[in-house]
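First comes the structure, then the notes that go with it.
Here the structure is a predicted model, which is why all the values come from computation and not from measurement.
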Amino acid sequence: MFTSTCVRVELPAGHAPLLGTDPLDSFKLDGRQQQLAHVRTIDVTGQPFTRALQVTTTTAPDSEGSAQLIAPTSAAVKAGDVVMIRFWLRCQESMTGEGFTTFAFQQNHPEFNPAAEIQVSANSKWREVDVPFKAGHDYPAGQARLVFRVGFDRQTIEIAGLEVSNLGTTTKLESLPRTRITYAGREADAPWRKEALARIDKIRKGDLTVTVTDSTGHPVPDANVHVVLKRHEFGFGSCVTADLLTGTTPDAEHYRQIVQSYFNLAVFENDMKWPAVYDGVPPKVDQALNWLLERHIEVRGHNLLWPGGVWLPPQIKPMLDHPSQLREVIANHITNTVRHFRGKLTQWDVVNEPYKNHVLIDKLGKSVMIDWFNLAHEADPNCQLFLNEYGIVDGGANDAEHQGNFYGWIKYLKDNGAPINGVGIQSHFGSVLTDPAKILKVFDRFSEFGFPMESTELSINLDDRQLQAEYMRDYMIAAFSHPNIHGIMLWGFWEKRHWRPQGALYNTDWTIRPIGQAWIDLVHKQWQTDAQLVTDSKGSQAVRGFCGDYEVTVTYSGKSKTVLAHLPHQGTN
Ligand code: 9MR
């Protein structure tokens with residue numbers, strides 16, 4: 001959600017423009033990996049502007065600034081001047097429906113000294129972005145520049161309606177509109193949060209009763225009992241990479257340390273995708289998987305088919321117009337891959353993102369999806385089979401067509417007896433942050449089928465660290481409070497191995513960001529159970545704790561004994 005501190009205002013007349021007459025014409029592509037981006041001018045109708053810059057980034061540059069649009073200023077900005085910059089943004093195409101840019105007003109070099117910087121995203125609707133600032137020092141003409149960083153993975157965005165004006169020293173900064181990114185339901189006393197926390201208490205806990213007896217079976221009063229939750233029943237995890245799980249560098253060790261300390265659930269970000277296993281599963285993937293399983297980290301499989309153009313192995317392109325060959329190669333892939341991991345994975349995303357990626361379905365007919373689920377089921381009957389989609393709660397949960405398509409596919413599969421038994425909801429957020437109350441409604445809607453649901457890919461790509469941490473907290477509270485959600489999977493946690501590095505929980509040097517702290521505070525503090533009890537006259541004591549696996553240590557007259565216990569929602573003795 002975007003808000004402005006005041007309603008849209010016309011900019012005061014007589015201001016000094018900082019770029020040429022049509023500011024869009026002043027921009028040129030720049031950056032170390034500028035070849036990964038293309039820019040062109042397009043016509044726009046029905047808007048307060050008629051032209052836009054359309055920027056396509058074909059693949060992930062090393063950083064957002066490795067491909068950028070730059071325009072040098074043609075007039076000076078003096079210290080104390082108030083400058084107003086306004087532009088409009090929309091996303092034409094991306095992997096999640098949201099497209100990004102970071103806008104900055106800065107010196108040319110060497111230290112850039114930005115006077116203003118904001119990272120924003122938009123979905124398919126035009127969004128106005130207002131960036132007013134007061135210059136802290138002089139920016140002589142031609143020595144400052146406006147920058148749109150576009151080094152974001154595979155997206156096409158459009159930038160239009162750019163107005164850049166120096167209002168001098170007579171306009172008050174506070175009187176100008178400013179884009180602030182926030183979300184509905186963020187306030188400390190938001191009703192949805194109160195209800196969600198109460199629900200968590202009700203549905204995520206059980207009563208654990210400990211009774212201590214001596215070797216003759218008699219109750220032991222006054223024994224000390226330490227009850228600690230060791231593993232949550234609910235899944236808290238992240239996507240991981242085989243390279244780092246098997247690597248020997250200090251970073252790889254650090255990476256593993258975090259995985260085993262903070263997660264009970266994992267998925268391989270790319271290592272099990274069809275292109276990665278086309279010539280067989282690389283040994284390091286098995287090695288990494290075993291490492292996770294030895295640590296009781298549950299692993300889900302992602303994904304058997306991502307049935308659209310660029311995500312298919314290049315080797316199958318020549319087969320696209322040969323249906324029987326195509327069917328056979330897909331069937332072999334599903335059977336071999338699922339069999340290879342049989343008994344080790346609890347879930348498979350059989351199909352990923354069919355709304356936008358449906359080349360194989362177009363070629364082979366709708367019912368082929370049922371065949372794919374059947375093949376996966378035959379290869380591992382105990383594995384839960386999921387359909388996974390984006391644009392359901394993310395992007396503001398505003399895309400009714402995307403949601404409707406997902407609903408339609410699940411219904412079609414269920415009605416036609418396909419062995420689907422899970423619904424995977426991705427959650428890649430930019431600056432379009434969905435109200436948590438709305439997320440809960442969407443979770444309700446997709447629970448109608450009676451299948452368990454997972455939050456399969458969570459990333460929150462914001463440069464406002466406080467906002468990012470709060471949204472993480474609220475998203476997690478919402479998901480953990482929903483009775484039909486069984487796990488939350490982060491889409492990465494380390495800046496150097498994250499598809500949107502801004503979204504990571506840890507910086508490159510492993511210092512933790514507020515968003516990482518938010519995760520730990522919830523999973524390992526607020527939702528942790530660690531209690532010291534003393535048995536009563538009947539040798540018993542009870543505690544209400546979060547569901548999961550416990551270590552119970554009894555100490556009495558200098559001797560200790562530890563037993564393991566599982567606490568389900570119904571409680572245990
Ligand atoms: O994060 C993944 C990135 O490293 C890959 O290059 C890309 C293509 O395989 O896939 C990314 O993960 C996507 C996931 O598989 C499906 N949902 C969207 C994820 C982010 O793009």
If we only count heavy atoms from C-beta on, is the V150 to V39 side-chain gap below 4.5 Å?
no
Show the numbers, then the answer: is there a salt bridge (Lys or Arg N to Asp or Glu O under 4.0 Å) between R500 and D153?
CA-CA 8 Å; R500 284 175 173 166; D153 204 2; over 6 Å; no
Heavy-atom closest pair (A71 atom, L19 atom, distance to 0.1 Å) is CB-CD2, 4.1 Å
Restricting to non-hydrogen atoms, name the atom on S431 and the atom on L462 that form the minimum distance, rounded to 0.1 Å.
CA-CD2, 3.8 Å
For the residue pair W527 and F546, does the interplanar ring angle fall in the parallel (under 30°), tilted (30 to 60°) or perpendicular (over 60°) class?
tilted
Before you tell me yes or no, could you show the steps for F152 and E64 under side-chain contact (heavy atoms from CB on, under 4.5 Å), namely the whole-Å CA-CA distance, both residues' side-chain angles and the distance that decides it to 0.1 Å?
CA-CA 6 Å; F152 297 91; E64 58 179 67; 3.6 Å; yes
Below 4.5 Å, heavy atoms only, C-beta onward: do W291 and T246 meet side chain to side chain?
no
Any donor-acceptor pair under 3.5 Å from R256 side chain to G247 backbone:
yes
Within the distance-only criterion (no hydrogens, no angle test), does the side chain of N507 pair as donor or acceptor with the backbone N or O of D509 below 3.5 angstrom?
no
H137: what forms a ring pair (Phe, Tyr, Trp, His ring centres under 6.0 Å) with it, not counting sequence neighbours?
Y139
Side-chain donor or acceptor of K438 paired with backbone N/O of G396 under 3.5 Å:
yes
Relative to the ring of H524, is the ring of Y262 parallel (under 30°), tilted (30 to 60°) or perpendicular (over 60°)?
perpendicular
CG/N264 to NE2/H296 distance, rounded to the nearest 0.5 angstrom?
12.0 Å
Going by heavy atoms in the side chains, are T434 and Y475 under 4.5 Å from each other?
no
So, do I425 and S455 sit near enough that their side-chain heavy atoms are less than 4.5 Å apart?
no
Taking C-beta and beyond as the side chain, do V55 and T101 meet within less than 4.5 Å on heavy atoms?
no
Would you say N461's side chain and G430's backbone share a donor-acceptor pair under 3.5 angstrom?
no
Salt-bridge criterion met for D189 and K194 (N-O under 4.0 Å):
no
A184 versus D435, closest heavy-atom pair with distance
O-OD1, 3.3 Å
Take H232 and R204 through the test side-chain contact (heavy atoms from CB on, under 4.5 Å) and record every step on the way to the result.
CA-CA 10 Å; H232 265 284; R204 296 291 176 204; over 6 Å; no
When you measure from the side chain of T73 to the backbone N and O of A144, does any donor-acceptor pair fall under 3.5 Å?
yes
For residues W510 and D251, is any side-chain donor paired with an opposing acceptor at under 3.5 Å?
yes
Salt bridge D474-R186, side-chain N to carboxylate O under 4.0 Å
no
May I ask you to establish whether R300 and F386 are in a cation-pi arrangement, using a distance under 6.0 Å from NZ or CZ to the six-membered ring centre and at most 45° from the ring axis?
yes
Are Y390 and W491 close enough that their ring centres sit under 6.0 Å apart?
no
Starting at CG of D464, measure out to OG1 of T182 and round the result to the nearest 0.5 Å.
8.5 Å
Within the side chain of D30, is there an N or O that forms a donor-acceptor pair under 3.5 Å with the backbone of Q68?
no
Counting C-beta onward and ignoring hydrogens, is there a side-chain heavy-atom pair between D130 and M84 closer than 4.5 Å?
yes
Can you tell me if N357 uses its side chain to pair, donor with acceptor, with the backbone of E353 under 3.5 Å?
yes
For the residue pair S481 and R199, confirm or rule out a side-chain donor-acceptor distance under 3.5 Å.
yes
With side-chain contact (heavy atoms from CB on, under 4.5 Å) as the test, would you mind laying out the steps for I118 and D463 before giving the verdict?
CA-CA 8 Å; I118 184 172; D463 57 0; 5.7 Å; no
Verify whether the ring centers belonging to W494 and H254 lie closer than 6.0 Å.
no
For the backbone of M95 and the side chain of R154, can you confirm whether one donor and one acceptor N or O come within less than 3.5 Å of each other?
no
If we only count heavy atoms from C-beta on, is the H302 to K273 side-chain gap below 4.5 Å?
yes
Within 45° cone of Y255 ring axis and under 6.0 Å: R497 NZ or CZ:
no
Could you tell me which non-hydrogen atom of Q468 sits nearest to which non-hydrogen atom of Q502, and how far apart they are?
NE2-O, 2.9 Å
Looking at side-chain heavy atoms only, is the closest gap between V164 and L146 below 4.5 Å?
yes
Can you establish whether the number of heavy atoms outside E401 located under 6.0 Å from its atom CD is more than 12?
no
Angle between ring planes, F236 versus F234, binned at 30° and 60°: parallel, tilted or perpendicular?
tilted
Scanning both residues in full, the closest heavy-atom pair of G97 with C91 reads O-SG, 3.6 Å
Between Q403 and R445, do the side chains contain an N or O donor and an N or O acceptor separated by less than 3.5 Å?
yes
Can you say whether the rings of F105 and F133 are parallel (under 30°), tilted (30 to 60°) or perpendicular (over 60°)?
tilted
Side chain of D394, backbone of H428: donor and acceptor closer than 3.5 Å?
yes
Give, for atom NE2 of H482 and atom CG of D444, the distance between the pair rounded to the nearest 0.5 Å.
4.0 Å
With ring centroids as reference points, do W519 and F263 lie under 6.0 angstrom apart?
yes
Take atom NZ in K134; do more than 12 heavy atoms of anything else shown fall under 6.0 Å from it?
no
Residues E158 and A52: closest non-hydrogen pair is CB-CB, 4.4 Å
Just by distance, do the side chain of R295 and the backbone of V259 share a donor-acceptor pair under 3.5 Å?
no
